Amino acid sequence: MKTILELKNIYVFYYDNLILEDINLKVYENDFIGIIGPNGGGKTTLLKTILGILKPASGRIYLCEGLNKQNCFGYVPQTSNIDFLYPISVLDVVKTGRLNKNKIFKTYDKNDIDIAFDSLKKMDLLKYQNILFGNLSGGEKQRVLIARALTTNPKILLLDEPTSNVDSKVGYHFYELLSQLNKDITIIMVSHDIGAISQNVKKIACLNRKLVYHDSKEITKEMLEKVYHCPVDLIAHGIPHRVFPEHKEVE
Amino acid sequence: MFEIFQYDFMLNALLACLLASIAFGIIGTYVVVKRIVFISGGIAHSTYGGIGLGYLVGFSPLFGAIGFGILSALFIALLRKFKLHSEDMLIGIMWSLGMALGILFISFTPGYAPNLMSYLFGNILTISFEEIITISILDIIIFIIVIVFYEQFLAITFDEEFAETLGLPVGKLYTLLLVLIALTIVILIKLVGIILVIAMLTIPPSIAVRFSNKLSKMMFLSVMLGIFFTLIGLLISYYFNLVSGATIIVISIIFYLISLLFNKRKLKLNINIEENL
């Protein structure tokens, strides 16, 4: 398998506080990594460091050859970060993904519009194209932000708490969409909600300042206890949220 | 009723209302959607230092205001760049420093400074033809820059971090936007005065945002509302012999309150869904 992204000994500070300590992570092509951890554990910071929005105090980030920060990542922030009063239609949100530094004096051309419509279609949003972004539900907004990220033609999709405003029924379809995308795109997703990490995730890591990572799909009790610094009881939700080691149900 | 148009000063005032509305409708839209009202207030008050310096040294106070406005815009951009913890507080300090410097400069000026109050509270009836020319030039600058960078400004005001991941020069665009805000504030100083600038920058867009599905439409509506409010306010202040700036603000706020009764956005949503399903 080809390594697409590698983090080596990353340290990140926010003022005097150490947020990320000695993060090492190797991401292979077509991985689907779920990173879980408590609130304030540094999940968003990790994503922003990978994206280059935050600079690490030390450590290095390697991208596979031929890629650079701008053509490689598709960032899907938390929907709650975005002002729902902003007067903008779904199509216009998605189009902004086509802007880049080489297009500073130009506006969108036909190709950009085609790509925007293509992304809308992939995310099943065509019928919403003229609706105000702020009037959509949490799950629909999330899909719009993914569609926007897709217009950059990313190799790696970075999702920040994608299910925090989505109910579980919608969440199920949402993960099916992600699985579809995962055929061509590497996905890294963070969430504080352990149950939200679905069966579609291929690997799970736990983050609370330090990253505990086992190249495998199941969360073990030891991983969680290391991250949450206290004994943790595992409660399985059953399908489709099978992330814990299987244990028999009593009828 | 129309005898007021015989007076040159009244024609100048009407023209100033029209021209200023273009600037503050467009730029106020960004101030409201990006929620940088406090920052704009800081820039507005710091311009007083430039006005005082103009009096002291003997150049046009309006140019002093432009200089101080742009300097404080750059200062705020610098604060953002270094992501300082105390940005809010430092803007507050800049706000008062500008006012304090203005008062000091003016106290150093020999003689009496008669027009001083008009910078604090505005006096649209004393606008000169030269000032109208200055406002027109600022209007044109603002208009051209907003047309060229419309999509980029939209991207950074909608989602700054995402724009950064696209490789857009977010810092530079943001600085440019702050400079445009400073220029708009200078235009507004003559109209409503430093203290009431914020009302004119925020009220028309706050009404427009609830009736708009596009940023450009919000700008257009804000400009139209701005023209309407300033003209109504001007006429009322003329016929009832009131202070023009304060009258314009009170009229705007009355219309803002009326507009709260209409919630057009929800209505629009339902129509759109039916159309699209």
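Because the structure is a prediction, the values reported are computed rather than measured. Below, each value reflects all heavy atoms present in this structure, side chains not excepted, and no hydrogens, waters or symmetry copies.
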Interface moiety of B:Thr29 toward chain A, non-hydrogen atoms closer than 4.5 Å: neither
Per-residue contact mode, B:Tyr150 against chain A (heavy atom under 4.5 angstrom): neither
Side-chain ion pair, A:Asp118 and A:Lys121, N-O less than 4.0 Å: no
N-O pairing of B:Glu160 and B:Lys34 below 4.0 Å: yes
Sidechain-backbone polar pair: B:Asn213 side chain, A:Ile88 backbone, donor-acceptor under 3.5 Å: no
So what's closer than 4.5 Å to chain B heavy atoms on [X]: side chain, backbone, both or neither?
X	value
A:Phe73	neither
A:Arg148	both
A:Leu99	both

Within-4.5 Å side-chain heavy-atom neighbours: A:Phe84 and A:Thr79: no
Chain B interface, residue from A:Ile53, A:Val93, A:Leu51, A:Thr107 that has the most non-hydrogen pairs under 4.5 Å: A:Ile53
Chain A interface, residue from B:Val148, B:Asp159, B:Leu168 that has the most non-hydrogen pairs under 4.5 Å: B:Asp159
Exercise: identify the closest heavy-atom pair between A:Ala149 and A:Val76: CB-CG2, 3.8 Å
Closest heavy-atom pair and its distance - A:Asn30, A:Lys183: ND2-O, 2.8 Å
